[in-house]
2 protein chains.
Amino acid sequence: MELLFKNISRYISLLEKERDLISSYWIVKHLERGEHLLEEGSICRYDAFVLEGSLKGYIIDPVSGKEEIIFLAISDWWASDLESFHNQTGSKMNITAISPTTVALISRSSFNELLEKLPKLERYFRIILQNYATALLMRMYFRNAQDAKSRYKAFLMKYPALNAQIPQYLIASYLGISAEMLSKIRAQKDL
Amino acid sequence: MELLFKNISRYISLLEKERDLISSYWIVKHLERGEHLLEEGSICRYDAFVLEGSLKGYIIDPVSGKEEIIFLAISDWWASDLESFHNQTGSKMNITAISPTTVALISRSSFNELLEKLPKLERYFRIILQNYATALLMRMYFRNAQDAKSRYKAFLMKYPALNAQIPQYLIASYLGISAEMLSKIRAQKDL
DNA sequence: TAAATAAATTGAACTGGTTCAAGAAATAAT
DNA sequence: ATTATTTCTTGAACCAGTTCAATTTATTTA
């Protein structure tokens, strides 16, 4: 939980008793490799902050049955289906542990209650969403504007920690390229 | 400005004097067709809310010199380079009026001051950013998971107003396909 | 309303990346 | 340790969508 406080403290300052208040709203949960945090069709009951391990968020193509990676999350990242969590509607997404993982969870009702009791958290969430939206916009741009190799190079620069922890075929899908293509790119000597 | 209040009121309630306070922080500006709101390299000084008309946000490819549409914005939408605005750093983006356009502008310092005086606006911005991030994630997903035709069909369903107001070649770029391809898709009878 | 400019269309040649298939290497389970 | 499973690699055939080029249609502007 220390990790979450540290993350929040980057944007707003917290008093001792505010930390305690925040703490009381969260549940820590452990997931085995392959265990689901969210399954397609069900409602995203919890917003998750990753304390340790790694998760993948993905959509299964109804035709080919293939996983399309939507996001990857490791320690110090958030992982949930924003839409499903906030509207409490059925999710199109699956979230599954890639490796043994520990997450801090908060339910929708707790989330609302916590924000009412501690309105300055609105600011924290506003800022991290701002950063998230910026990152997403660039990720989308790069998918069309740059070829597979440049995208992988940019990914290596930006997320070395992800590259080290996540299997290559999932990174390929995250980048919007086939696993075979990424393998061929990595085989090239001029990276 | 009434449009902005209406937009905000969808998520939080505003008192008469709060509206007045908000009003005092905004500048209304008119842009001619082709006029720039933001140019690559310069700092995004204002966050813009579109009152009337249409804007395009785009990045010019350094190699081909082609415009890559990042976003399209019409009446009742926000339009700015979030990253450049919040960090006051040089932008990679251009924002230009597609047609004669009226925008409401707020500077970074006014934005901060306004949020301090009226903290409940944090909540408004948090929620619209949440929705924005959700929309972006889906837009990115569709670019890889669906073919050009399905993307255009989904676009027609989701943004009929955009389709009616924006030239076809800009919509093509927004969807991540060539103008020629979109022309061919539209020529097909089974849309 | 005519000339100039911008936008849309169409066809042919091309290509970056996919898909399929089959084997090798690495990792996990017993 | 050995087996089972998952991940990675490599090559060949293929294709959705691009690029280029030339023409038509629509929209501005003087």
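Numbers restart at 1 for each chain; the letters A, B, ... are given by sequence-line order, proteins then strands.
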Exercise. Which whole-number value in Å describes the distance from B:D147 CG to C:dG17 P?
Worked result: 18 Å
Problem set entry | side chain to side chain contact (heavy atoms under 4.5 Å, CB included) against A:S110, all qualifying residues, sequence neighbours excluded | A:Y25, A:I106, A:S107
For this session: Please check if the distance between the ring centroids of A:F142 and A:Y152 is under 6.0 Å.
Result: no
Exercise. Quick one: do the A:Y169 and A:S183 side chains pair a donor with an acceptor below 3.5 Å?
Worked result: no
For this session: Return the value, rounded to whole Å, for the distance between atom CD of B:Q146 and atom C1' of D:dA16.
Result: 15 Å
Exercise. Given the side-chain rings of B:F71 and B:Y174, with only the six-membered ring counted for Trp, is the space between their centroids under 6.0 Å?
Worked result: no
For this session: Quickly work out the B:F142 CZ to D:dG17 C1' distance and round it to whole Å.
Result: 19 Å
For this session: Check the distance between C:dA6's C1' and B:I98's CD1 and give it to me in whole angstrom.
Result: 14 Å
For this session: Mind calculating the distance between CG (B:D61) and P (D:dT19) to the nearest angstrom?
Result: 10 Å
Exercise. With a 3.5 Å cut-off and just heavy-atom distances, do the side chain of B:K184 and the base of C:dG11 make a donor-acceptor pair?
Worked result: yes
For this session: For A:I177, report the nucleic acid contact type (base, sugar-phosphate, nothing); a contact means any heavy atom under 4.0 Å.
Result: sugar-phosphate
Exercise. Within the pair B:S183 and C:dA8, is there a side-chain N or O less than 4.0 Å away from OP1 or OP2?
Worked result: no
Exercise. Closer than 4.0 Å, any side-chain N/O of A:K149 to the OP1 or OP2 of C:dG17?
Worked result: no
Exercise. B:G176 near the nucleic acid: base, sugar-phosphate alone, or nothing, with a heavy-atom cut-off under 4.0 Å?
Worked result: sugar-phosphate
For this session: Please figure out whether B:E180 or A:Y169 has its closest DNA chain D nucleotide nearer the 5' end.
Result: A:Y169
Seminar exercise, completed: Of D:dT7, D:dG17, C:dT18, the nucleotide closest to the side chain of A:S178 is C:dT18
Problem set entry | Polar contact flag, side-chain donor to acceptor under 3.5 angstrom, B:T89-B:S84 | no
Problem set entry | 5′-ward residue of the pair B:R33/B:L182 relative to DNA chain D | B:L182
Problem set entry | Between C:dA7 (P) and B:Q165 (CD): distance, integer Å | 16 Å
For this session: Whole angstrom is fine here: how far is it from CD1 in B:I166 over to P in C:dA7?
Result: 12 Å
Exercise. Counting just side-chain N and O atoms, does A:Q168 come under 4.0 Å of either OP1 or OP2 of C:dA26?
Worked result: no
Exercise. Tell me: CD of A:Q188 to C1' of D:dT9, nearest whole Å?
Worked result: 14 Å
